[in-house]
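Structure first, commentary second.
Residue numbers run from 1 in the order of the sequence given. Ligands are counted one by one from 1 in listed order, and the atoms in each one are counted from 1 as well.
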Amino acid sequence: MSAKKALSLDEILNHPQVRKATDDNNAELLERRAYEPPQCNVFAHSYTGLQETDQYRFDLDKEAEQQLPDIIGNKVQFIEGQDAVDDDLARSYGQKRHIGIVFSGGPAPGGHNVIAGLYDAAKKANPETNVYGFLTGPDGIIENEAIELNDKLISDYRNLGGFTMIKTGRTKIDTKEKMTLSRETCKRLDLDALVIVGGDDSNTNAAFLAQEMLKDGVQVLGVPKTIDGDIQVRDADGNVLCAMSFGFHTAARAFANSISNLCTDSSSDIKYWHICKVMGRVASHLALEVALQTHANMTLIGEDLSDYTDKDRLSKAHREGFTDYHAHGMTLRHLSRVICDGIVKRAAFGKNYGVIVIPEGVLEFINEIQVFIIKLNTIIAEYNQTHDRDFHSSFLRLEDKLDYLRRLAQRSREDASFKLWNTRDDDLFNDIPSFFQEGLLMERDSHGNFPFSQVETEKVLLGLVKDYLNILKEEGAYKVGIHRDYYRKTFEKAGLDSNRYGRALFKNYGSDEYLLVHPSIISIKTLRQTLEKEKLLNAGEKIPAAVEKIFKKSVPNFKTQIHFYGYDGRGNDPTRFDCIYTYNLGLTVFSLIANGATGQMAAIKNLEMGFSKWEPIGIPIAPLMHLEERKGKLALVIEKSIVDVNSVAFQVIKTHRDKWLAATVGEDHFRRPGPIRFTGKSEEERPLTLELNALGRPNK
Ligand code: FBP
């Protein structure tokens, strides 16, 4: 028998299997790149035109009218397919153009397809057209860092996640100097149009650039991007023009898959509570979609908490004839009680495990924290406006920042007109753990947004939850229910009279399936006392092992695992929905450019319906603006859309809360969304929130 000769390293490295394993281009990648998203009907024609409509109304902000005079009158535009157009139109549609595109803000799956759609449409209209990608976000415009996009680059990134092709950044073009530099870049590149793919703040920026660059003949268009799902555009009559920003579906599906896996794991080894913080900034849209996708045991929705009214407090105040302002909205302590309540209820049915979903922005909806966030935003902004160094470089260490706040509190004592930070604020702030103080003082982004993703919200809440669970344990209110069959079997095996012991040990013996140890039995000592009192044990006698075993099983150990879902889902390859949506957004934005639009946001109407009903449109950005406090000053911005507690999607999860908590006999009601499936038929067509919210909503 001849021994098989070992392969040399060279032979191993050249082996087809090794080559396959070490090739960056795996089968999934190739399949994604080759996928051709379907195009909305209007794009099947040789040309597209714009049909302006007056059927949508907007309440115009006076400040927006003043600051954006040339685009405030823009209307909603429907894209129409056209085959025969006159020569002038054909010429202007097909003229050679220079178009720049930039990503702004956090990545969102589908961004590459926006570029691909724009590129394909631009090249179809005129193969000579140049499309430039500005590198690393708006900095690329300010510093004229751009690359010309070509077929190879576009093909490499088709249907792939991330913003890897040209990267992104969070710089805001918000000073005269940055604006001048941006205009110079556009002139140097001879740009006809600039496309800004970004969130509410970046689209706000797009409107200001559109106004400013009108005189240079540069059209500026926005594309609604953000996994947070907080760009949802309605007109003044509630008609939905843009139901969802791109990237939301993919991020939610990716989070849901991971969280659903935790549901499976936790209900298998039944020893952990998994605490899952999910991204989304202030709005809880992602948490809501994850709740629908997974049926996790508890999901907090920030918007619901601020809507909370403590009915008992309210009626007590009413009876006693005073106004209790604390009856409205939820405090951090109260929220921790609500969570404990769910944990205790499940434990009573033997389920001392589960999954909790917490939106990263939940603190924004907790009264006392919101006050801190607003006050600190203003203090930091005011400091930055009046000093040469910014707040964070002036006060590097936490102690320095706290010292500055202390001095402000002192100022408020000496000068009654200074009310921003008083002694009470300072005392309360000094009461919270230092990691949380650091979080609340963290640097705001260039748009003045609070960095929710950096704050360990779950740690703050968990601290309070653990403290209160310990109190409940001491009071004998937090117990793990023991199944009566298990109890009986254990005692019979030990030759003990289960009925006699049962009545002494449990408060619900004989009536319920899960038995709860009497609240007074909270230790081996109190167990012994009970047994002696019930004449089941003589003084000095050893407690039977079976009794001790059952008692120990009834004592809960609250063990947690903490997870943060954000950057991972944000970098996921897009769902089919996001691939198709974004490719068509790219085609839409080219139609807007080719037809001379500026100050418009590309959107697809009827996303909640079948693909054949999707309608590409242009939405005027300026009329969406309103005044909001940013960095301590009022600024014109597009309003963020938060979860509507009257929406169908929210009402559905509210109604299912008890069911999904599953504090009952029987299994949990987890749903298995599975991983994102790019091919095959079982992948859902669109976000569940989108479908539910469209139910019963008449829309023009
Ligand atoms: P955008 O608003 O720019 O789309 O970003 C969304 C987001 O992913 C939020 O969910 C999150 O709070 C934030 O970005 C995180 O910011 P950063 O990437 O700067 O850490």
Report task. Identify, chain by chain and in numerical order, each protein residue with a heavy atom under 4.0 Å from an atom of ligand 1. Result ->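 Only G105, G106, R170, K225, T226, I227, D228, M279, G280, R281, E360, S453, Q454, Y567, R570 have heavy atoms that fall under 4.0 Å of ligand 1, ordered by chain and number.
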
Requested in this report: Could you go through the side chain to side chain donor-acceptor pair (under 3.5 Å) check for T171 and D139 one step at a time?
Outcome: CA-CA 6 Å; T171 299; D139 276 340; 3.0 Å; yes

Query raised in the report: Between N693 and E608, does any side-chain donor sit less than 3.5 Å from a side-chain acceptor?
Result: no

Query - By ring-ring contact (aromatic ring centres under 6.0 Å, His included) - contacts of F429 (at least two apart) - result: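 By the ring-ring contact (aromatic ring centres under 6.0 Å, His included) rule, F429 matches F372, W421.
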
Query - D230: side-chain hydrogen bond (donor to acceptor under 3.5 Å, both in side chains) partners, not counting sequence neighbours - result: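 So D230 forms no side-chain hydrogen bond (donor to acceptor under 3.5 Å, both in side chains) with any residue.
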
Query raised in the report: Excluding sequence neighbours, so at least two apart, what forms side-chain hydrogen bond (donor to acceptor under 3.5 Å, both in side chains) with K605?
Result: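 K605: no side-chain hydrogen bond (donor to acceptor under 3.5 Å, both in side chains) contacts found.
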
Requested in this report: Please say whether the positively charged group of K401, taken as NZ for Lys or CZ for Arg, lies over the ring of F395, i.e. under 6.0 angstrom from the six-membered ring centre and within 45 degrees of the axis.
Outcome: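 Cation-pi check for K401 and F395: fails.
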
